[in-house]
Amino acid sequence: MSRWLGALLLVTASLGWAQERRARIDLEHYRADVEILPRTQSLSARVEVGFTPLEDTNTVVFELNNGLNVTRAVTEKNEDLPAVRYQQDFTVKLTFPNQLPKGQATKVTLSYEGRITGLENSPVEGISFGSIQNDRAFLLYPSRWLPTNGYTSDRFTAELNITVPTGMEVLASGLSASKPAAAAGKTVFSYRMEKPSFPASIAVVSTPPERVNSEGYSTLLYFRGDEKAQAGVYGDETGKIVKYYGSILGLPPYGNLTLVETEEHAPNGYAAPGILFLSPRGIGKKLNSRLLAQQVAHQWWRVLVSPASRRHLWLDNGFANYTRMLYLESTAGPSALEAEISDTSIEALTRDDVTILQTDTLEDYSPELLALASSKGAIVLHMLRNVVGDEPFLAALKEFAQKMAWSSATTGDFEKIVSATSKRDLQFFFVQWVESSGASEFKLDYTIYRLGDGKGFRVMGKVSQDKDTFRMPVEMLIETQGEPEKKIIEVAGTASEFSVDTFGKPQRVLLDPNRKVLRVDDQIRVAVAIKKGEQAAELGAYNEALTEYQKALDVNRNSSLAHYRIAEVFFLQGNYQSAANEFRESLNGDQEPKWTELWSHINLGKVFDITGQRERAVNEYQQAIRTKDNTQNGLDEANKYLQSPYQRPRRTDEP
């Protein structure tokens, strides 16, 4: 046995280590020599990691995919280091013979190899961040195929030398070059990224791209299969999105992007410097502008500017989400934005017990994290826009992107910039919406007085809500016999009195009529409970889903959508009588949204087909057609089953 192999210790971790505090380091640079072996779905790597300890320490921890096994770890002086593997949190702990002084740059080199085949060994259950196949591969930064520290927050530069079989091509971030490898039948692709970002996502392809020029930008698209037909429309839309974002945020870090199709279980989208990775499901059968616009936005809000820690993750997800909404507003108008804000507000409230600055406590890619960092983050930006006005808000976004370019930022950095551009002290806003959790419920009481002598009317009243620390300007709409009048009142504390004079006689007073403030009421409670149920059902947690749907019915017994979702769960469980009962309840409810009528009839038809009642099934399909509602191609579905009965899919345990 060689000397270095004897020094190497690879063991399974105890749970205790995962709970220990890790020493902080500043990850600075990778120099990686990697060979990808498609035939065996494996890779081998020798990676030099440059970093600076932020405190005195003799141990350093890197996250590394559990499918990869470290074979050697050495210091700059080629001294062997013990490398201890901890499977529970996919880490490798290196112990140095001497203490590493704080602030003194150093390097360590890890050699490792293993297989990355998809869902197996993924850091997030059910999501594939990497897969090596015979004719292609993708390895995303979240897969931890490179030794990672400070995930999503610690920016770095990189030199990647990646060897693949001749005839295949490697796509990565940065400046590129290729040359024949020393061994016949292999090619080395080299990429160098000199600006700190997250250049740790690559793709291996074996077919040429389609190039699409749009709005002065050139996009390369590596789509395959049925999705290949979508390349043209995606390339055209990419150019339009980049041009619009450039007009409001400044020059893009990468104007000419590369789009790569991944695989079924990959995230719908993931953005690396200059490269967007889209799954077949995300690409879909027609342009998914929502997905594309959000991933392009990450070129500014991740690649160019990133959160200084996971506590500030909304600067990545929330900013990209709202930038996408700005593009939607520019193409489809204010009404489309209002509808999007309404839906996003519901999702934001599915996790209202944690502050935005506590996203570091939530699991990566979980519905809870996305609700907080992405959805609530976007809503916070929309509210901020309404508070300071369009011009100061957009100026702040642009200055934030340009001033913090190629660096990490905190929420405080953004607060300073937007306070300066708007010439307002916005501490109250960030305390309320970033550092606090939950949302208020407004109660409005008012009395109308005639002023006499033709002076008009006065509305005097009080706005009550349950948060003593709350402060927010809120719009009030007063509907009169003439033109409606809008006023802004300051709601502060649990009770805020107001007095508003109008010329026309007031008919009705509405507080926050366009829902510009994140808040709750019974309608919102129903929608939030249903959304949480949908999230649970998507994960297969049907009992939890039923509990949430029942919460919605406790508030509104006539909610057609809640009954419909309960019926769906029963149908999936094979409880057809209960499913039929709930589809009937949906039809007898408030029929909000309208499509519940169409699809309740279709699903009742399916129940009757399964239970051998063809005549009753046909009647339901005919009633579905009479709705003339083609939501999600429902009319096509109904006509299909009019022609031939619905057949229940064969269970996986059936021969």
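Fair warning: this is a prediction, and the values are worked out from it, not measured in the lab. Side chains included, hydrogens not; waters and symmetry mates left out as well; all remaining heavy atoms used.
By the 4.0 Å N-to-carboxylate-O rule, R39 lies too far from D135 to be salt-bridged with it. K531 and E548 are not joined by a salt bridge, as no carboxylate oxygen comes within less than 4.0 angstrom of a charged side-chain nitrogen. A salt bridge between R281 and E227 is absent, with no side-chain N of the basic residue lying under 4.0 Å from a carboxylate O of the acidic one. In summary, R310 and D364 engage in a salt bridge, as defined by a charged side-chain N under 4.0 Å from a carboxylate O. Taking 4.0 Å as the cut-off between side-chain N and carboxylate O, E340 and R290 count as a salt-bridged pair. Ion pair K102/E55 not flagged as a salt bridge, since none of the NZ, NE, NH1 or NH2 atoms sits closer than 4.0 Å to an Asp/Glu carboxylate oxygen.
Residues passing the side-chain contact (heavy atoms from CB on, under 4.5 Å) test with N161, sequence neighbours excluded: R31, D33, V188, S190. Taking A137 as the reference, I132, V204 meet the side-chain contact (heavy atoms from CB on, under 4.5 Å) condition, with sequence neighbours excluded. Among residues two or more places apart in sequence or in another chain, the side-chain contact (heavy atoms from CB on, under 4.5 Å) test is passed with S111 by R46, T71, R72. In this view, Y151 and Y141 satisfy the ring-ring contact (aromatic ring centres under 6.0 Å, His included) rule, not counting sequence neighbours. Evaluation of the side chain to side chain donor-acceptor pair (under 3.5 Å) rule for R115 yields Q41 as partners, not counting sequence neighbours. Residues passing the side chain to side chain donor-acceptor pair (under 3.5 Å) test with K416, sequence neighbours excluded: none. Shown here are the side chain to side chain donor-acceptor pair (under 3.5 Å) partners of N317, two or more places apart in sequence or in another chain: there are none. Every residue was checked against the salt bridge (Lys or Arg N to Asp or Glu O under 4.0 Å) condition with R155, not counting sequence neighbours, and none meets it. Among residues two or more places apart in sequence or in another chain, the ring-ring contact (aromatic ring centres under 6.0 Å, His included) test is passed with Y112 by none. Residues that satisfy the side chain to side chain donor-acceptor pair (under 3.5 Å) test with Y322, not counting sequence neighbours, are H382, R385.
Here the side chain of R85 pairs a donor or acceptor atom with the backbone of L64 at under 3.5 angstrom. A distance-only check finds no donor-acceptor pair linking the side chain of R224 to the backbone of T207 [under 3.5 Å]. Listed for the T166 side chain is a donor-acceptor partner under 3.5 Å among the backbone atoms of K186. In this structure, the side chain of N256 does not engage the main chain of T219 through any donor-acceptor pair within 3.5 Å. Judged purely by atom type and a 3.5 angstrom limit, S143 uses its side chain to pair as donor or acceptor with the backbone of L140. Side-chain N or O atoms of N288 include none that pairs as donor or acceptor with a backbone N or O of I283 at under 3.5 Å. No donor-acceptor pair closer than 3.5 Å links the side chain of S197 to the backbone N or O of P199. Judged by distance alone, with hydrogens and angles left aside, the side-chain atoms of T75 form a donor-acceptor pair with the main-chain N or O of E79 at under 3.5 Å. Counting only distance, with no hydrogens or angles, the side chain of Y245 and the backbone of A293 share a donor-acceptor pair below 3.5 Å. In this structure, the side chain of H312 does not engage the main chain of L315 through any donor-acceptor pair within 3.5 Å.
Checking E194 against T157 by side-chain atom types alone, no donor-acceptor pair falls below 3.5 Å. With no hydrogens or angles considered, no side-chain donor-acceptor pair links T91 and E63 at under 3.5 Å. W301 and T323 share a side-chain donor-acceptor pair at under 3.5 Å. Between the side chains of Q104 and T106, no donor-acceptor pair of N or O atoms lies under 3.5 Å. Checked by atom type, the side-chain pair N58/Q99 shows no donor-acceptor distance below 3.5 Å. Defined by atom type and a distance below 3.5 Å, a donor-acceptor pair is missing between the side-chain atoms of H29 and E48. In this structure, a donor-acceptor pair under 3.5 Å is present between the side chains of E28 and T52.
Of the inter-residue distances, the one linking Y234 atom OH with I241 atom CD1 reads 9.5 Å to the nearest 0.5 angstrom. Note that CG of L292 and CG of L276 are 6.5 Å apart. Values are rounded to the nearest 0.5 Å. With rounding to the nearest 0.5 angstrom, the OG1 atom of T258 is 9.0 Å from the CZ atom of F277. Between atom CZ of residue F400 and atom CG of residue D413 there is a gap of 6.0 Å, rounded to the nearest 0.5 Å. In this structure, OG in S122 is found 8.5 Å from CZ in R144, a value given to the nearest 0.5 Å.
Taking the six-membered ring for Trp, F129 and Y270 have ring centres at least 6.0 Å apart. Taking the ring centroids of F156 and Y30, they lie under the 6.0 Å cut-off.
In plain terms, the two heavy atoms of G174 and Y254 that are nearest each other are N-OH, 4.2 Å. Taking both residues in full, the closest heavy atoms of S153 and S306 are given as O-OG, 4.5 Å, listed atom of the first, atom of the second, then distance. A pairwise comparison of heavy atoms in V47 and P147 identifies CG1-CD, 4.1 Å as the closest pair. Pairing each heavy atom of A271 with each of R302, the nearest pair is O-NH1, 3.0 Å. When all heavy atoms of L326 and I248 are compared, the pair lying nearest together is CD1-CD1, 4.0 Å. Closest approach of P123 to F90, counting heavy atoms only: CB-CZ, 3.7 Å.
For the pair I36 and I162, the minimum side-chain heavy-atom distance is below 4.5 Å. Using a 4.5 Å cut-off on side-chain heavy atoms (C-beta onward), T109 and V49 make no contact.
Listed by first and then second residue, the side chain to side chain donor-acceptor pair (under 3.5 Å) pairs involving residues 349-359 are R351-D353, T355-Q358 (not counting sequence neighbours).
The aromatic rings of F319 and F414 sit perpendicular, their planes meeting at an angle over 60°, well past the 30° parallel limit.
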Q) Between L81 and V74, is a side chain to side chain contact (heavy atoms under 4.5 Å, CB included) present by the stated rule, with each step listed? A) CA-CA 5 Å; L81 297 174; V74 297; 5.9 Å; no
Q: Take E544 and K532, measure what salt bridge (Lys or Arg N to Asp or Glu O under 4.0 Å) needs, and give me the verdict at the end.
A: CA-CA 9 Å; E544 182 181 340; K532 293 173 75 171; over 6 Å; no
Would you give me the side-chain donor-acceptor pairs under 3.5 Å for residues 371-379, sequence neighbours excluded?
residue : atom : partner : partner atom : Å
S374    : OG   : N321    : ND2          : 3.1

